[in-house]
Q: 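Sharing a structure here in structure tokens format.
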Amino acid sequence: MLKNYLLLVSSFLGACLGAQEVHSALQLRNSHLWRGIEVSAGFIYTGNLRLDCKNFYAGFWAGGNFDGSYKEFNNYIGYKNKHLTLELWDIYNFSPGATYNNKEFFNYSAKETGRFWDFRSYYTISDQFPLVLSWNTVVFGRDRNRENTGNKYSSFVSGEYPVYKKDNLEVRGRVGYAFALDSHGEKNNFFAKDSGFNEVSLIVSKSFTIEGYKIPIGIWGMWNPVNNNAFLQFSVQVYSF
């Protein structure tokens, strides 16, 4: 699996001999939410560094909190055109309290690794009807059945739509459903304790300008009917380019 991933990265670098752009961003948050899950709470930072090359891109994403209980480092590659985005993320959460193997970053053995590969796809219907449909599947890693004999291929499908947009204010709604393509007879999947609508979100974003400096902020309310919980995230973007 490591060889396959390195081959993808090498292919991207080979295709990127030419016009390139570098982008980066840093956010501060009170929690890290993802697909109906609160990955971590507390004072959290997330950073992103991305290299764009025509329709292709690759980068690194990292997150952590200031007491050291949450640590994550991810690599990703992607392709994007006007309506379609395809990505493959190599996700490694090495938080100290993890119950899985979090001490071998380069271990790509399916039965032993603490990482997982997340395939992501997004399709925007049109400019006039900007509904974003998404299909995401964990294709490798620690999404295993109880006996550790096979992958569950847990999947998350969602629809997201901008319900309000005016000036620098935008409100988006998202509904997501989680399930396993191969459950191995088990109810739970990577995202929830059972199949079902595990995310109903309302996401508000607004930009403020202070002495010429643009400061985007976000408020994200997320409800998980399957796991019977809800979360509220506040975020501020420190910089982006």
Side-chain angles (χ1 to χ4, degrees), residues 1-29 32-35 39 44-64 71-94 105-106 108 113 115-127 130-141 143 153-162 170 172 174 176 190 201 203 205 207 214-216 218 220 235-241:
M1 281 295 181
L2 176 58
K3 292 182 179 179
N4 293 336
Y5 192 80
L6 291 176
L7 180 61
L8 288 172
V9 174
S10 299
S11 300
F12 166 80
L13 293 175
C16 269
L17 296 176
Q20 302 172 3
E21 293 183 358
V22 177
H23 300 278
S24 181
L26 174 66
Q27 275 194 349
L28 299 177
R29 312 177 183 182
H32 175 34
L33 306 182
W34 183 64
R35 298 180 188 171
V39 178
I44 290 173
Y45 59 87
T46 62
N48 183 42
L49 179 63
R50 190 183 79 228
L51 173 66
D52 287 12
C53 176
K54 299 178 182 178
N55 294 98
F56 298 91
Y57 55 93
F60 309 101
W61 187 98
K71 300 177 182 180
E72 182 174 342
F73 182 79
N74 308 327
N75 318 288
Y76 62 88
I77 55 176
Y79 167 83
K80 184 175 184 179
N81 60 30
K82 184 177 180 180
H83 295 289
L84 177 67
T85 299
L86 301 174
E87 295 180 340
L88 180 64
W89 282 62
D90 181 10
I91 297 176
Y92 189 79
N93 186 322
F94 55 101
F105 185 85
F106 293 103
Y108 280 82
T113 186
R115 65 178 4 90
F116 63 96
W117 287 2
D118 190 53
F119 172 75
R120 306 177 179 184
S121 63
Y122 308 89
Y123 185 79
T124 303
I125 300 298
S126 68
D127 294 337
L131 173 66
V132 179
L133 301 176
S134 179
W135 180 293
N136 314 271
T137 298
V138 179
V139 295
F140 169 77
D143 179 33
Y153 298 101
S154 294
S155 300
F156 177 83
V157 295
S158 68
E160 181 174 325
Y161 190 80
E170 183 178 44
R172 304 183 68 85
R174 181 167 64 228
F190 198 84
S201 288
I203 306 164
S205 58
S207 294
K214 189 176 181 180
I215 305 176
W220 179 2
S235 63
V236 57
Q237 187 164 279
V238 179
Y239 77 82
S240 67
F241 63 80

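Sequence positions, counted from 1, serve as the residue numbers for this chain. These numbers come from the heavy atoms of this one structure, side chains and all, not from hydrogens, waters or symmetry mates.
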Q: Would you give the length of the straight line joining atom OG of S155 to atom CG of D118, rounded to the nearest 0.5 angstrom?
A: 9.5 Å

Q: With sequence neighbours excluded, tell me which residues meet ring pair (Phe, Tyr, Trp, His ring centres under 6.0 Å) with F60.
A: F73

Q: So, taking the atom named CH2 in W117 and the one named CG in N74, what distance separates them when rounded to the nearest 0.5 Å?
A: 13.5 Å

Q: Any donor-acceptor pair under 3.5 Å linking the side-chain atoms of W61 with those of T46?
A: no

Q: Is K80 salt-bridged to D52, cutoff N-O under 4.0 Å?
A: no

Q: Working to the nearest 0.5 Å, report the span between OH of Y79 and OH of Y57.
A: 10.5 Å

Q: Nearest 0.5 angstrom please: L33 CG to I44 CD1, how far?
A: 8.5 Å

Q: My understanding is that only residues two or more places apart in sequence, or in another chain, count here; which of them pass side-chain contact (heavy atoms from CB on, under 4.5 Å) with L131?
A: I125, F129, L133, Y161

Q: To the closest 0.5 Å, what do you measure between OG (S240) and NZ (K214)?
A: 8.0 Å

Q: Just jot down the salt bridge (charged side-chain N to carboxylate O under 4.0 Å, His left out) partners of R29, sequence neighbours excluded, or say none.
A: none

Q: Do Y76 and I91 have side chains that get closer than 4.5 Å, going by heavy atoms?
A: no

Q: Taking atom CG of N55 and atom CG of L86, what is their separation to the nearest 0.5 Å?
A: 11.0 Å

Q: For Y123, is there any backbone N or O sitting under 3.5 Å from a side-chain donor or acceptor partner on H83?
A: no

Q: Taking F119's backbone N and O only, do any of them form a donor-acceptor pair with T137's side chain (distance below 3.5 Å, no angle check)?
A: no

Q: With heavy-atom distances below 4.5 Å as the criterion, would you say the side chains of F156 and S134 are in contact?
A: no

Q: Please report the shortest heavy-atom distance between S24 and N48, naming the atom on each side.
A: OG-O, 2.9 Å

Q: For E87, which residues count as a salt bridge (charged side-chain N to carboxylate O under 4.0 Å, His left out) partner, sequence neighbours excluded?
A: none

Q: Locate the shortest heavy-atom distance separating S201 from W220; write the atom from each residue and the value.
A: OG-NE1, 2.9 Å

Q: For F94, enumerate each residue passing the ring pair (Phe, Tyr, Trp, His ring centres under 6.0 Å) test, keeping only those at least two apart in sequence or located in another chain.
A: Y92

Q: For the pair Y108 and F140, name the ring-plane relationship: parallel under 30°, tilted 30 to 60°, perpendicular over 60°.
A: parallel

Q: Can you tell me if S235 uses its side chain to pair, donor with acceptor, with the backbone of L28 under 3.5 Å?
A: no

Q: Kindly write out the residues that satisfy side-chain contact (heavy atoms from CB on, under 4.5 Å) with N93, not counting sequence neighbours, or none if the list is empty.
A: V39, Y70, E72, S95, Y100, R142

